[in-house]
*Asks:* 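One structure follows; several queries about it will come next.
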There are 2 protein chains.
Amino acid sequence: MERKRAKSGEIRLTEVAKLAGVSPITASRFFRNPQALSLSKRERVASAAKELGYVPNLAARALASQRTEVIGVLIPSLTNNVFSDVLRGIYDASEGSRYSIQLANTRYSILQEEQLLRLFQAQKPAGLIVTGIDQTAESRAVMEAMNCPIAQIMEIGPDPVDMMVGFSHYDAAFAAVSHLVEQGFKRIGFVGAQMDPRMQRRFGGYRDAMKAASLFAPRLIVTTPVPTSITLGGSVFSDLLSKAPDIDAVCCGNDDLALGVLFECQRRHLSVPEDMAIVGFNDLEFMASAVPPLTSVRTNRYEMGRSAVTMVTAAIEGNRPPQPVLDLGFQLMIRESSSPRHN
Amino acid sequence: MERKRAKSGEIRLTEVAKLAGVSPITASRFFRNPQALSLSKRERVASAAKELGYVPNLAARALASQRTEVIGVLIPSLTNNVFSDVLRGIYDASEGSRYSIQLANTRYSILQEEQLLRLFQAQKPAGLIVTGIDQTAESRAVMEAMNCPIAQIMEIGPDPVDMMVGFSHYDAAFAAVSHLVEQGFKRIGFVGAQMDPRMQRRFGGYRDAMKAASLFAPRLIVTTPVPTSITLGGSVFSDLLSKAPDIDAVCCGNDDLALGVLFECQRRHLSVPEDMAIVGFNDLEFMASAVPPLTSVRTNRYEMGRSAVTMVTAAIEGNRPPQPVLDLGFQLMIRESSSPRHN
DNA sequence: TTGTACGCGTTATCAA
DNA sequence: TTGATAACGCGTACAA
């Protein structure tokens, strides 16, 4: 009695092997490691596969091999421009490899991150890319249990789970504020939003640079947990002005805030930088074309995404990079908005 | 002779079934269609699964069932803000469902799109979301062969592959230009970049609105295939000004260009809207907070992503939406940058 | 370099 | 509503 189940109708490896006159396993090897075959068989399998239009069944491959060719990626936001550049780097790099990307959005929540990590764990990805270095203990445990190469991106710090690609937000902000100090600004405000860990470390850089110059004062600071936006930049700057009307410069936790501050200055007829200097963070595209051009800290976001994939894929294939932590640095882009103060 | 292969070490369905005292298939049903079980067995399987920490093996499931729970998504850009909103809608909606998203970037290339479509085809996704309505004939053939629900997003048009969610870029641009005409502007320029199909249809709306008002003139138009950016907005506007120094308004193909135009006006000390009116397209966040606030056409990008997932998942599960084409419309956001001309 | 034998963990099919 | 059986298409392990 025949109660076979329906076959998929797709070409299978066996059929390719048959046409090529080799055993299925030889055909299998052809797709994973062609060099292991003799030249003649290699050619025969290649042409058979082409003729039949064979496409490997990834599910079967994953089941049999107990692994996948997926790299999981966890980022905190799909809207923030900063991450679109990182993502572009990630997707560009993945296309040159055999790995595909599985993306998820943590929405800046470390609990959501924990959940997503568990979800990923079930799929046994070949590698993992996570944003930042502030995972929960539980998240770290899951990551360690996953037993695959992992890159933490966007910043670097002590105690990597595995590998890291980023830069020091603290140092970068410290450098930006030091620049303002050198330019002769004295009452330098800080505006921050979202207040995720990297924003907090940028604030730390501001705080310590101000303290180092003996210019620190709590009244110069306005922060909010509200998600960042250009519009928000205007309103936090307004708040700052009511607390400290005498400020002569603003260090903005990111570029969106900086642009919002610039617009607010235009609205209030404050000249930049004569009445108010502005520095931002990330050097998004608009900073250079604003009027006046806005000083910012350039970060290598595309490269961060690209390197993360490169490092992870290399590690998957056994070629771990010699140094697990890659510091991509930053570059202070000095523009008109922070021109020296002429007293 | 024992040469068993290593088991994965994970809990399998069989073990859950054993602990629950049912057959594997019953346990299997519990995860896919709990209502098919009697209450007592349902509870027993549930507690056994929980006790063992069972996680389904997706590869095995895909292999056995010949399908996946993946929705493929093809978008033309990861950098363009317009798509981050769409993506957010897509990812938000997918989290409420059992489906996961597989994202790929076509980089505005219909050939790349074709390739990616073939790649997706191999993975037999349960559904597909593609951007725009201008696929190659080959791409359409692949999509039809995929035999799964498909949503085309961002715009609507005749002859859907399956379903559509979007709006008419032509109508939206026509409305924006008509607004400028009504406000009394006569020499209305157009700047466009990237010139992807949607940009071209926006241009078509501009052209026809201008012709309808007997204001059309080729010298008022500057376009470039270069990818759009704020900086580019400034330079194409400069080009436009050299061709047509007497223009009194600019219709920008998107908001990035519009902001670049505003900055260029500031650089040239042209007052907006007195010397130059500006309208953009998409109503990105910065349009409302620019100085002056910039008129734009608001589009429902988040909702486009969300509805696309909703429609596709409904269709996968047999509940096809009654109307396959969903027009999400647009809304003209009139702001100071297009205030009426007082001659 | 190639092949044999078997199992990966699940679900479809059919029967009860 | 439940269960027995047989795949799903491929890769691992080992031997030759």
Side-chain angles (χ1 to χ4, degrees), chain A residues 1-45 48-49 52-69 98 122-124 126, chain B residues 1-45 48-49 52-69 98 122-124 126:
Chain A
M1 189 187 91
E2 292 298 299
R3 53 188 181 83
K4 301 265 191 244
R5 63 201 277 182
K7 294 213 197 308
S8 63
E10 300 290 322
I11 310 299
R12 282 163 310 167
L13 193 54
T14 324
E15 295 158 39
V16 175
K18 201 167 290 170
L19 181 61
V22 300
S23 74
I25 188 62
T26 301
S28 169
R29 286 189 184 109
F30 168 78
F31 293 102
R32 293 172 295 137
N33 184 15
Q35 290 96 325
L37 301 201
S38 64
L39 230 117
S40 66
K41 304 225 169 184
R42 205 183 306 174
E43 280 165 3
R44 274 164 45 209
V45 177
L52 296 174
Y54 171 71
V55 177
N57 181 318
L58 298 170
R61 178 178 284 180
L63 180 59
S65 68
Q66 308 265 47
R67 43 196 170 67
T68 63
E69 292 183 339
R98 51 208 288 214
Q123 315 198 26
K124 298 182 197 152
Chain B
M1 188 188 88
E2 291 298 299
R3 54 187 181 83
K4 301 262 192 245
R5 60 202 282 183
K7 295 214 195 309
S8 64
E10 301 289 322
I11 311 298
R12 283 162 308 167
L13 192 54
T14 323
E15 295 158 38
V16 175
K18 202 167 287 171
L19 181 62
V22 300
S23 75
I25 188 64
T26 301
S28 169
R29 286 189 184 111
F30 169 78
F31 293 102
R32 292 172 295 141
N33 184 17
Q35 289 95 326
L37 301 201
S38 64
L39 230 117
S40 66
K41 305 227 169 185
R42 207 185 303 175
E43 280 165 4
R44 272 157 54 203
V45 176
L52 295 173
Y54 170 72
V55 177
N57 181 317
L58 298 169
R61 179 176 283 180
L63 179 58
S65 68
Q66 308 266 46
R67 43 195 167 67
T68 64
E69 292 183 340
R98 53 208 288 215
Q123 315 197 26
K124 297 182 198 152

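Nothing here was measured: the structure is a model prediction, and the numbers come from that model. Lettering follows sequence order; numbering is per chain, from 1.
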*Asks:* Nearest-Å distance, NZ (B:K124) to P (D:dC8)?
*Replies:*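 Between P of D:dC8 and NZ of B:K124: 12 Å.
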*Asks:* Quick one: which of D:dG11, C:dT10, C:dC14 gets closest to the side chain of A:S28?
*Replies:*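 Side chain of A:S28 sits closest to D:dG11.
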*Asks:* Between C:dG9, D:dG9, C:dC14, which nucleotide has the shortest distance from any of its atoms to the side chain of A:A64?
*Replies:*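 Looking only at side-chain atoms, A:A64 lies closest to D:dG9.
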*Asks:* Tell me, please, which residues at least two apart from B:S23 pass side chain to side chain donor-acceptor pair (under 3.5 Å).
*Replies:*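 Scan of B:S23 (side chain to side chain donor-acceptor pair (under 3.5 Å), adjacent residues dropped) gives B:T26.
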*Asks:* Nearest to the side chain of A:I25, heavy atoms from C-beta on, is which of C:dT13, D:dG9, D:dT12?
*Replies:*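 Comparing C:dT13, D:dG9, D:dT12 against the side chain of A:I25, the answer is D:dT12.
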*Asks:* Please confirm whether any donor atom in the side chain of A:R67 sits under 3.5 Å from an acceptor in the base of D:dG11, or the reverse.
*Replies:*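 Counting by modelled atom types and ignoring angles, no donor-acceptor contact under 3.5 Å is found here.
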*Asks:* Send over the distance from B:Q123 CD to D:dC10 P, rounded to a whole Å.
*Replies:*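 Taking CD of B:Q123 and P of D:dC10, I get 14 Å after rounding.
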*Asks:* Can you name the residues that form a side chain to side chain donor-acceptor pair (under 3.5 Å) with B:R67, not counting sequence neighbours?
*Replies:*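 Residues passing side chain to side chain donor-acceptor pair (under 3.5 Å) with B:R67: none at all.
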*Asks:* Whole angstroms only, please: what is the CG-P distance between A:L58 and D:dC10?
*Replies:*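 Those two atoms, CG and P, are 10 Å apart.
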*Asks:* side-chain contact (heavy atoms from CB on, under 4.5 Å) with B:R98: which residues, sequence neighbours excluded?
*Replies:*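 Listed in chain order: B:E69, B:E317.
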*Asks:* Between atom CZ in B:R29 and atom P in C:dT11, what is the gap in whole Å?
*Replies:*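 My rounded result for the distance is 10 Å.
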*Asks:* Would you say C:dG3 has OP1 or OP2 under 4.0 Å from some side-chain N or O of A:T26?
*Replies:*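 Checking A:T26 against C:dG3: at least one side-chain N or O falls below 4.0 Å of OP1 or OP2.
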*Asks:* Nearest whole Å is fine: how far is D:dA4 P from B:K18 NZ?
*Replies:*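 Atom-to-atom, B:K18 to D:dA4, this comes out as 13 Å.
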*Asks:* Let's see if you get this right: which residues in residues 30-41 of chain A place a heavy atom under 4.0 Å from DNA chain C?
*Replies:*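 Close to the strand are A:Q35, A:A36, A:L37, A:S38, A:K41.
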*Asks:* For A:A60, which residues count as a side-chain contact (heavy atoms from CB on, under 4.5 Å) partner, sequence neighbours excluded?
*Replies:*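 A:N57, B:L63.
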*Asks:* Charged N to carboxylate O under 4.0 angstrom, A:R12 versus A:E15?
*Replies:*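 Result for this pair is yes, salt bridge flagged.
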*Asks:* Nearest to the side chain of A:L63 - C:dC8, C:dT2, C:dT10?
*Replies:*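 Within the option list, the nearest is C:dC8.
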*Asks:* Tell me every residue that passes side-chain contact (heavy atoms from CB on, under 4.5 Å) with A:A62, counting only those two or more places apart in sequence or in another chain.
*Replies:*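 Here the qualifying residues are A:T68, B:A59.
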